[in-house]
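Order of appearance sets the numbers: ligands from 1, and atoms from 1 within every ligand. In this text the structure is predicted, and so the values were computed from the model without any measurement.
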Amino acid sequence: MTDLTPPSARRKLGGSDIEVSALAWGHWRLAPGDVAANARLAHAALDTGIDFFDTADIYGFDGKGGFGTVEQAFGELLASEPGLRNRIVIATKGGIDPPKPYDSSPAYLDAAIDASLRRLGIDTIDLWQVHRPDILTHPHDIARTVERAHAAGRIRAFGVSNFTHAQIAALAACSTVPLLSTQPELSALRLDPFTNGESDQAMTLDLAILAWSPLAGGQLASPTDARATAVCKALDTVASEQGVSRTAAALSWLMAHPSRPIPIVGSQRPDRITESADALRVRWTRTNWYAVLVAARQEPLP
Ligand code: NAP
């Protein structure tokens, strides 16, 4: 049955000594306010082996206010439970400052890193990411900002999100601190990184790929169009054969790729966070894997 090599449960981020789980848990949809409820979610993740948590300074922003509130809630959770911080690899992001467009200028990013540290109540961010490319900032300037933060111990490592492969190449070439990760939107319904050079570049540069919206924002749980329905059918074949949920199959489909994407689980339900770890049990044949790809592309392989 097995054809493709399954991923390991744990791995290093790029060439660093930072060890993380093969799946991450994301805070985009986390509701600030209830520390006990958020502790239950965090422990559901930890109990199932997920210790890599992804947040951002902008999470909680609702178009008017709320900037920083999800990081703040994460900080309250960490403060409520001594010892928790050291069990989690914390990834966050900065560089979007609404209503201003993207800003990666040194002054803004320096201040954004400090503000994230304050809200989280920690001394060092394990993985700090530039949230979106600001094409008005020279990559040298981003690199110098990152180098200063790294030298001061404010960040352990850095990554990017939503960068093109050309933007990644430019920034990686400018920085003396190794770029360790890239975070594109990636799912069985958003395949571009597998075909536009991003995953090839990640494998060449040893970048971890953190896949955002790995269930296409829930579309792979509850499809609403013909394409998503066809992809779900191909995932269901494997899920029912192997006794896992379709969503676990969807996450594992990504993880079977040789670039070894780390899906960022978006659910804010303990049972679904727990269930996501079943992705590590799924085994893919080439035939089954390509069947999902063909369904997503809506045309046969050439
Ligand atoms: P996702 O896993 O694609 O979607 C999560 C949504 O699917 C939730 O609303 C969840 O609802 C629903 N869902 C999951 N399983 C389900 C099931 N079995 N049945 C029905 N609904 C189900 O991920 P995402 O939340 O869009 O994104 C994941 C993470 O990626 C974020 O938390 C964030 O860390 C990151 N992200 C990054 C960027 C960026 O620009 N870098 C952008 C977006 C997201 P429940 O909560 O009710 O389970």
Pair Gln129-Ser161, side-chain donor/acceptor within less than 3.5 Å: no
Proximal atoms of ligand 1 relative to [X] (non-hydrogen, under 4.0 Å):
X     : result
Gly26 : 32 (O), 34 (O)
Tyr59 : 33 (C), 34 (O), 35 (C), 36 (N), 37 (C), 38 (C)
Asp54 : 33 (C), 34 (O), 35 (C)

Geometric N/O contact Gly217 with ligand 1, under 3.5 angstrom: yes
Sub-3.5 Å N/O-N/O distance, Ser222 and ligand 1: no
Name the closest protein heavy atom to [atom], giving the residue it belongs to and the distance to 0.1 Å.
atom                    : answer
atom 43 (C) of ligand 1 : Trp212 CE3, 3.1 Å
atom 44 (C) of ligand 1 : Trp28 CE3, 3.5 Å
atom 48 (O) of ligand 1 : Ser267 OG, 2.6 Å
atom 46 (O) of ligand 1 : Gln268 N, 2.9 Å
atom 11 (O) of ligand 1 : Arg272 NH1, 3.7 Å
atom 25 (O) of ligand 1 : Arg29 NE, 2.6 Å

Relative to ligand 1, is [X] under 4.0 angstrom through side chain, backbone, both or neither, heavy atoms considered?
X      : answer
His27  : backbone
Ser161 : side chain
Gln129 : neither
Leu215 : both
Leu30  : neither
Pro214 : both

Within 6.0 angstrom of Lys100 NZ, more than 12 heavy atoms from elsewhere: yes
Asp123 atom CG: more than 12 heavy-atom contacts under 6.0 Å: no
Option nearest atom 17 (C) of ligand 1 (shortest heavy-atom distance, choices Ala250, Ser245, Ala56, Ala221): Ala221
Heavy atom of Glu275, distance to ligand 1 below 4.0 Å: no
Phe158 ring center within less than 6.0 Å of Trp128 ring center: no
Aromatic plane relationship, His257 with Trp289 - under 30° parallel, 30 to 60° tilted, over 60° perpendicular: tilted
Non-hydrogen side-chain atoms of Leu127 and Ile90 separated by less than 4.5 Å: no
